[in-house]
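Structure first, commentary second.
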Amino acid sequence: IPVDPFDLVIFGGTGDLAQRKILPGLFRRFVAGQMPAESRVIGAARTELDSAGYREMVVEAIREFGGDFTYTDKQLKDFLGRIEYTPIDALGDAGWADLQELMKGKGRTEAYYFSVSPALFGELAERLQQWGMADRDARIVVEKPFGRDLESAHALNATLATYFNEDQIYRIDHYLGKETVQNLMAVRFGNMLFEPLWNAQFIDHIQITVAETVGVGGRGEYYDKAGAMRDMVQNHLMQLLCLIAMEPPARFAPDAVRDEKLKVIRALDPVLPHHIVRGQYLAETGNEEKMPSYREAVGAPRSRTESFVALKTHISNWRWAGTPFYLRTGKRLSARSSEITVVFKETPHSIFGEDAGRHRNVLSIRLQPNEGITLGVTIKEPGPGGMRLIDVPLDMSFAEALGQDAEQVDAYERLIMDVMRGNQTLFMRGDEVEAAWAWTDPIIQGWEARNDVPKPYDSGSAGPDYANELMRRDGREWREVT
Ligand code: BG6
């Protein structure tokens, strides 16, 4: 379904995110017929470029990061016809009059994407207002990181609120745009099967793993000040936790969903120091192409920033009291794999005798790669050998189940189209972000107060063994990272 014609201004329009995600994503939506031909995309950045030069950059970005999808020369040409560029100085006055001129009286949906350093968010909001572009219908899209603690997030919310209403602010967490993340809600609230069992009485524990094989790459400067807790846990993992644990919202509508997520965050127990493990990756050895250690990659030989976190927490409410939630994320691990695993309790009694053992169902929701949902069920082992039980997967791989017809939509594409539709369901509300910081702040402060040094782990491993110990102590184990 096409959205209404829009003008999207991308501040930071020459930057990495614009080139990798935003521009190729917009082009894919254009080819899919979702971005109306009257729309415009306006790159705005410090770089001195004209629109023709910017269009060349856009073509390059589509070629390099567009993925393999087919389009015609005409489609590309038409899309480029919708692209403009204007140099701008976020901190000064240069370029603002030109942008104002470009945006004048078009009567379309107007959105401004802040794909810039967070230090500039407030400045941009202020300038938009100064130059008469912050009217009631304008929308702003704000990238992460949204603050680095509760105080800075609160200040940023307050600054943005000076110029924009909450329903104009779209705080991006791109995990919410991932197909399976939305499927999680469909599975939970579109089936009768799961919800009656979705509580501490039937669920032993829940694991959330977001494992990456990449290291910090060229983002060392940012990352070393952030670490995995701020970069991944405070946003992506907590959002997944909210969706898996929240009460059923009355409607799939922005505030109904966000109210329920907020309640989960507010019910989270503080994390005890012995329930959290931080790690930092070592160099990869035995590989021809030697990959640097974390400390080498960020150029800080004594860095104490974590590239891995594993933790245990509880949600103190009626539904979840007693069910632990284990969260884990890290860079340079053995595989790229994001998965939520719901481990049900064992059957209370085995009617098949001691030998058959007690079994349990495991529901795994795989975000990437190979998106899909698998339910482990127990059946009789085929053959004449008597009543022997085995666990087999009931598998629903989305690619297989839905075939080639299932349209692959990247998280950013979906989210940008939601901005244009004015749908905030998959965006974080200001109070949610602050609540998430209120939970993570004491953890980070604890590390600082104790001068905590992250445990080294081998690149290509599953993280430091202490993370396994965290599980073993509870008589449980992590799902293998594959
Ligand atoms: C980003 C983090 O938000 O998410 C990165 O800043 C991380 O450090 C990335 O690599 C992971 O996203 P995805 O979609 O590749 O899982």
Side-chain angles (χ1 to χ4, degrees), residues 12 15-22 24-25 28 65 67 113-118 121 141-148 153 170-184 208-241 243 278-281 291-292 294 297-298 303 305-309 327-340 365-372 408-416 426-428 432-433 436-437 440 444 454 459 463 481-482:
D16 198 54
L17 185 71
Q19 297 198 39
R20 277 173 193 276
K21 297 285 182 185
I22 307 175
R28 279 198 295 265
F65 304 113
Y113 200 127
F114 293 8
S115 177
V116 295
S117 151
F121 291 168
V141 185
V142 186
E143 264 299 327
K144 64 172 279 233
F146 197 91
R148 54 174 286 107
Y170 292 73
R171 295 177 195 79
I172 288 229
D173 183 315
H174 79 282
Y175 266 59
L176 293 179
K178 288 185 190 275
E179 184 69 28
T180 317
V181 173
Q182 288 162 76
N183 233 317
L184 177 60
I208 302 177
T209 294
V210 177
E212 298 186 277
T213 49
V214 293
V216 291
R219 297 161 74 226
E221 205 188 314
Y222 149 76
Y223 194 92
D224 202 42
K225 292 198 202 88
M229 194 71 195
R230 289 190 173 96
D231 184 52
M232 297 293 286
V233 178
Q234 187 270 347
N235 37 79
H236 306 325
L237 276 87
M238 286 185 77
Q239 288 294 320
L240 298 180
L241 174 69
L243 296 178
R278 315 162 74 206
Q280 196 186 60
Y281 63 83
M291 302 299 273
Y294 175 83
V298 300
S303 170
T305 304
E306 78 284 356
S307 59
F308 175 98
V309 174
L327 274 50
R328 165 175 74 152
T329 184
K331 295 204 182 283
R332 298 214 46 76
L333 298 181
S334 55
R336 176 171 188 252
S337 154
S338 301
E339 199 168 60
I340 303 172
I365 301 154
R366 208 167 155 86
L367 269 59
Q368 59 196 24
N370 312 326
E371 306 174 351
Q408 295 288 323
V409 181
D410 179 74
Y412 276 93
E413 290 171 60
R414 183 191 319 274
L415 294 176
I416 294 172
L426 300 176
F427 295 85
M428 293 181 295
E432 247 184 283
V433 180
W437 281 121
T440 38
I444 297 172
S459 282
V481 178
T482 50

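Order of appearance sets the numbers: ligands from 1, and atoms from 1 within every ligand. No hydrogens, no waters, no symmetry mates; every other heavy atom, side chains included, goes into these values. Throughout, residue positions are numbered sequentially from 1 according to the sequence presented.
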For [X], counting its heavy atoms only, list the atoms of ligand 1 lying under 4.0 Å from any of them.
| X | value |
| --- | --- |
| Lys331 | 5 (C), 7 (C), 8 (O), 10 (O) |
| Lys178 | 13 (P), 14 (O), 16 (O) |
| His236 | 1 (C), 3 (O), 4 (O) |

For [atom], what's the nearest protein heavy atom and its distance?
| atom | result |
| --- | --- |
| atom 11 (C) of ligand 1 | Glu212 OE2, 3.4 Å |
| atom 16 (O) of ligand 1 | Tyr175 OH, 2.4 Å |
| atom 8 (O) of ligand 1 | Asp231 OD2, 2.6 Å |
| atom 15 (O) of ligand 1 | Arg336 NH2, 3.4 Å |
| atom 12 (O) of ligand 1 | His174 NE2, 3.2 Å |

Taking N or O atoms only and a 3.5 Å limit, does Lys144 qualify as a polar contact for ligand 1? yes
Contact check: Gln368 vs ligand 1, nitrogen or oxygen atoms, below 3.5 angstrom: yes
Heavy-atom pair with the smallest gap, counting every atom of Ser337 and Val481: CB-CG1, 4.2 Å
NZ/NE/NH1/NH2 to OD/OE distance under 4.0 Å, [X] and [Y]:
| X | Y | answer |
| --- | --- | --- |
| Lys21 | Asp16 | no |
| Lys178 | Asp173 | no |
| Glu212 | Arg336 | no |

Mind checking the NZ-OH spacing from Lys331 to Tyr281? Nearest 0.5 Å is all I need. 8.0 Å
Could you measure the distance from the CZ atom of Arg230 to the OG1 atom of Thr305? Nearest 0.5 Å is fine. 9.0 Å
Look at the rings of Tyr175 and His236 and say which category their plane angle falls in: under 30° parallel, 30 to 60° tilted, over 60° perpendicular. parallel
